[in-house]
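Before any comments, here is the structure.
Side chains included, hydrogens not; waters and symmetry mates left out as well; all remaining heavy atoms used. Count residues from 1 along the sequence.
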Amino acid sequence: MGVILTVRVTQVDGPQWCENGLEVRGGRYPLSVEGAVVSAVGVLVPGVSTLTRLVRWFSMYWALGAYAEERSLDSEGFRRVLRRSEVALALAFLQHADGERPDVPDYPHAADSIRARIAAGDPRDLDESYSPRRWGFWEQYNGSTATLGLASVTGGALRTGRHPCPPGVSALFRPLFDTAAHRPVTLDDSGPELVYTATAPERVPFRDILCAAGPDEPTGPDRARRESLRVLARSIQLNPRATPVRSMVDTVAFGRAATTDPLLAACPSALDWRGVLLRHYSVGAWRRLWAALVERVRSAGGTATRQDLHDWIAAELGGTARSLDALVADLPATLDSAGDPRPAEDDLGGARPTVGDDIRRLLVGAARSTELTGRAERMFRGRGGNPFLTPDWVLRRRDDHAAQRPEAFARTLVDDMPAQSRRVAMRKLRLHADGHMTLFSKLHERNGRYFAEQVEGSANVGLRVEQLTALAEQSGVLARGWSVTETGRRVLGLPR
């Protein structure tokens with residue numbers, strides 16, 4: 001007689017007392033190679049960040065500091081007026097300016113999301129929906145605003161800074177602040193006067209602060225920012241057909257201008273920028289190599305062995321040279337006939353460098369570490385911080401593998417990048433009060449295999465030159481299209 005078995009399948013959810021103890025997220029700067037550039041740029045361009053590019057936003061916070069102090073606004077009152085005022089600035093631009101040009105320097109924050117809400121017929125509660133961050137865009141301007149001396153924070157609310165807000169700027173924003181203090185703003189509250197123009201009341205006073213052009217001799221951060229502006233403007237004068245960043249690279253990083261042009265030779269920060277711009281090439285190469293390695297794991301079904309990655313990088317580099325020494329000997333010259341840096345990095349691939357190009361760029365950076373001197377060398381090497389994957393580190397790896405085939409050097413890079421990523425992830429590991437942990441990494445190793453599900457960013461870190469250019473354009477120091485205005489020449493003390 002047969003026996004009939006009935007099997008009931010039940011989904012098990014739990015046990016309820018056991019929760020996931022490890023949360024994994026993608027981390028920023030997974031190799032921690034960016035610090036030398038980021039910290040140096042912070043010293044050279046204080047008061048400007050990669051997220052600050054709008055003079056009108058700066059002046060709104062400038063005026064709001066004075067208004068909040070006058071009205072004794074607490075933290076919540078300040079936040080309410082701030083969020084509603086940021087919405088009003090975007091609304092004014094969309095209604096009264098050319099709102100279809102997101103590439104212009106003064107295109108306002110949140111304009112795209114606000115436009116979409118209005119187009120959908122839902123313009124209500126914009127002050128609550130335009131930004132998911134509690135403090136709106138103040139979060140990315142607060143440090144810069146304090147450094148420039150436009151405002152300060154006391155008890156969580158804005159107050160006046162070391163530069164009092166000009167009466168004309170306060171008068172411009174007062175009607176908006178009075179409205180925002182009592183109710184959300186509407187389309188009718190955003191008049192054309194809120195659109196930034198060449199006749200804006202803050203244009204001249206902000207320009208003088210940005211350029212440290214007051215009667216007193218600038219000191220500290222103000223002097224550093226002024227000197228960087230002079231380097232930028234002089235580079236544009238000497239190389240007017242390139243973008244601002246490219247003008248600085250061609251003028252300051254390479255060639256003789258940094259030491260022979262009368263203005264640049266008298267400006268110590270010119271050689272500081274040489275070191276930063278050359279180190280920027282190495283940072284970009286590491287970021288692209290790491291992104292390519294993670295993508296290789298993803299494209300292989302999300303998992304790969306160490307040997308898989310070794311085979312991949314060896315194939316990418318190619319087996320054309322008998323030894324690493326021979327490959328190095330075939331690299332473009334890093335110095336010209338006069339002993340000045342020449343653009344060897346630009347000779348290695350174009351806008352889309354290959355993995356092999358970036359390995360060679362790292363080797364060029366290693367050579368730079370033995371050639372640069374003085375201020376350029378100090379900025380190129382950086383100050384302390386991460387000792388791994390630096391140009392000196394690449395130099396030591398190069399010497400270790402000099403007589404071996406280049407593929408052995410490339411395989412070492414494959415081993416060292418995940419090891420450094422793990423060190424960085426462990427350093428950033430976050431332990432929470434409830435006992436669970438957050439690990440920031442997009443590449444994971446388990447039992448000898450690597451796993452990756454998310455794309456890693458390959459873009460290089462910002463130099464803040466684009467943001468400095470945008471502020472200088474809005475202030476009348478530079479003209480759109482990247483030329484120095486007569487006002488800019490006079491304020492910065494530039495030759496014709």
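W62 has its ring centre no less than 6.0 Å from the ring centre of Y141. F206 has its ring centre less than 6.0 Å from the ring centre of F58.
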Legend entry - Check against salt bridge (charged side-chain N to carboxylate O under 4.0 Å, His left out), R134 and E76: CA-CA 11 Å; R134 176 172 171 79; E76 190 56 33; 3.0 Å; yes
Inset, instruction - Begin with the C-alpha distance, continue with both residues' side-chain angles, and end with the deciding distance and a verdict on side-chain hydrogen bond (donor to acceptor under 3.5 Å, both in side chains) for Y281 and D346. - result: CA-CA 9 Å; Y281 279 107; D346 293 334; 2.8 Å; yes
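A salt bridge (Lys or Arg N to Asp or Glu O under 4.0 Å) check over residues 266-291, counting only residues at least two apart or in different chains, returns the pairs E34-R287, D272-R375, R288-D358. Each salt bridge (Lys or Arg N to Asp or Glu O under 4.0 Å) pair with one or both residues in residues 197-210, not counting sequence neighbours, appears once here: R56-E202. Applying the salt bridge (Lys or Arg N to Asp or Glu O under 4.0 Å) test to every pair with at least one member in residues 167-185, sequence neighbours left out, gives these pairs: E70-R174, R71-D178, R183-D189. Within the structure, the salt bridge (Lys or Arg N to Asp or Glu O under 4.0 Å) test picks out no pair touching residues 138-157 (sequence neighbours left out).
A donor-acceptor distance shorter than 3.5 angstrom exists from the side chain of N386 to the backbone of S32, with no hydrogens or angles considered. Between the side chain of T145 and the backbone N or O of A151 there is no donor-acceptor pair closer than 3.5 Å. In this structure, W286 contributes its side chain and L389 its backbone to a donor-acceptor pair below 3.5 Å. Listed for the E456 side chain is no donor-acceptor partner under 3.5 Å among the backbone atoms of L293. In this structure, the side chain of T160 does not engage the main chain of G65 through any donor-acceptor pair within 3.5 Å. At least one donor-acceptor pair under 3.5 Å links the side chain of R225 to the backbone N or O of P46. Side-chain atoms of S75 never come within 3.5 Å of backbone atoms of A157 as a donor-acceptor pair (strictly under, hydrogens ignored).
To the nearest 0.5 Å, the span separating NE2 on H109 from CD on Q140 amounts to 5.0 Å. Taken from CG in L91 to CZ in R115, the straight-line distance is 11.5 Å, to the nearest 0.5 Å. Annotation: the span from R80 atom CZ to H182 atom NE2 amounts to 9.0 Å, rounded to 0.5 Å. Of the inter-residue distances, the one linking H163 atom NE2 with L150 atom CG reads 7.0 Å to the nearest 0.5 angstrom. To the nearest 0.5 Å, the span separating CD on E345 from CG on D347 amounts to 8.5 Å. For the atom pair CZ (R464) and CG (L51), the distance works out to 9.5 Å, reported to the nearest 0.5 Å.
Counting only N and O atoms by type, the side chains of W273 and S228 include a donor and acceptor under 3.5 Å apart. In summary, the side chains of Y196 and Q474 do not present any donor paired with an acceptor at a separation below 3.5 Å, with no hydrogens or angles considered. T199 and T197 form a side-chain donor-acceptor contact under 3.5 Å, judged by distance and modelled atom types alone. The closest side-chain donor-acceptor pair between Y61 and N142, if any, does not fall under 3.5 angstrom.
Considering every non-hydrogen atom in both A111 and L94, the closest pair reads O-CD1, 3.6 Å. In terms of heavy-atom proximity, V37 sits nearest to V461 at CG1-CG2, 4.0 Å. Heavy atoms only, all atoms of each residue included: G365 and P391 are closest at O-CB, 3.6 Å. The minimum heavy-atom distance between L229 and L210, with the atom names listed, is CD1-O, 3.6 Å. Taking all atoms of both residues into account, the shortest heavy-atom contact from W290 to P418 is CZ3-N, 3.8 Å. The two atoms that bring G156 and F78 nearest to each other are O-CD2, 3.6 Å, heavy atoms only.
Counting heavy-atom neighbours within 6.0 Å of E295 CD, excluding the residue itself, gives a total above 12. The environment of CZ in R342 is crowded: more than 12 heavy-atom neighbours from other residues, nucleotides or ligands sit within 6.0 Å.
A salt bridge between R84 and D127 is present, with a side-chain N of the basic residue lying under 4.0 Å from a carboxylate O of the acidic one. The residues R230 and E227 are annotated as salt-bridged, a charged nitrogen and a carboxylate oxygen being separated by less than 4.0 angstrom. A salt bridge does not link E466 to R246: none of the charged nitrogens lies less than 4.0 Å from a carboxylate oxygen. Remark: R241 does not engage D250 in a salt bridge, criterion side-chain N to carboxylate O under 4.0 Å.
Side-chain contact between T354 and D357 is present, with heavy atoms from C-beta onward closer than 4.5 Å.
For the pairing with L176, the side-chain contact (heavy atoms from CB on, under 4.5 Å) check across L194, L64, V81 returns one residue only, L194.
Every residue two or more places apart in sequence or in another chain was checked for a side-chain hydrogen bond (donor to acceptor under 3.5 Å, both in side chains) with T147, and none qualifies.
Under the 30°/60° scheme for interplanar angles, the aromatic rings of Y107 and F93 are found to stand perpendicular. Taking the six-membered ring where tryptophan is involved, the planes of F177 and Y67 are tilted, since the angle between them lies from 30° to 60°.
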Show the atom names and distances, to 0.1 Å, of all donor-acceptor pairs under 3.5 Å that link a side chain in residues 256-271 to residues at least two apart or in another chain.
unit_1 : atom_1 : unit_2 : atom_2 : d
R256   : NE     : D340   : OD2    : 3.1
T259   : OG1    : R256   : O      : 3.1
T260   : OG1    : R256   : O      : 2.8
D261   : OD1    : R234   : NE     : 3.3
D261   : OD1    : R234   : NH2    : 2.8
D261   : OD2    : R234   : NE     : 3.2
D261   : OD2    : L263   : N      : 3.2
D261   : OD2    : L264   : N      : 3.1

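At least one cation-pi condition fails for R368 and F380: the charged atom is not both under 6.0 angstrom from the six-membered ring centre and inside a 45 degree cone around its axis.
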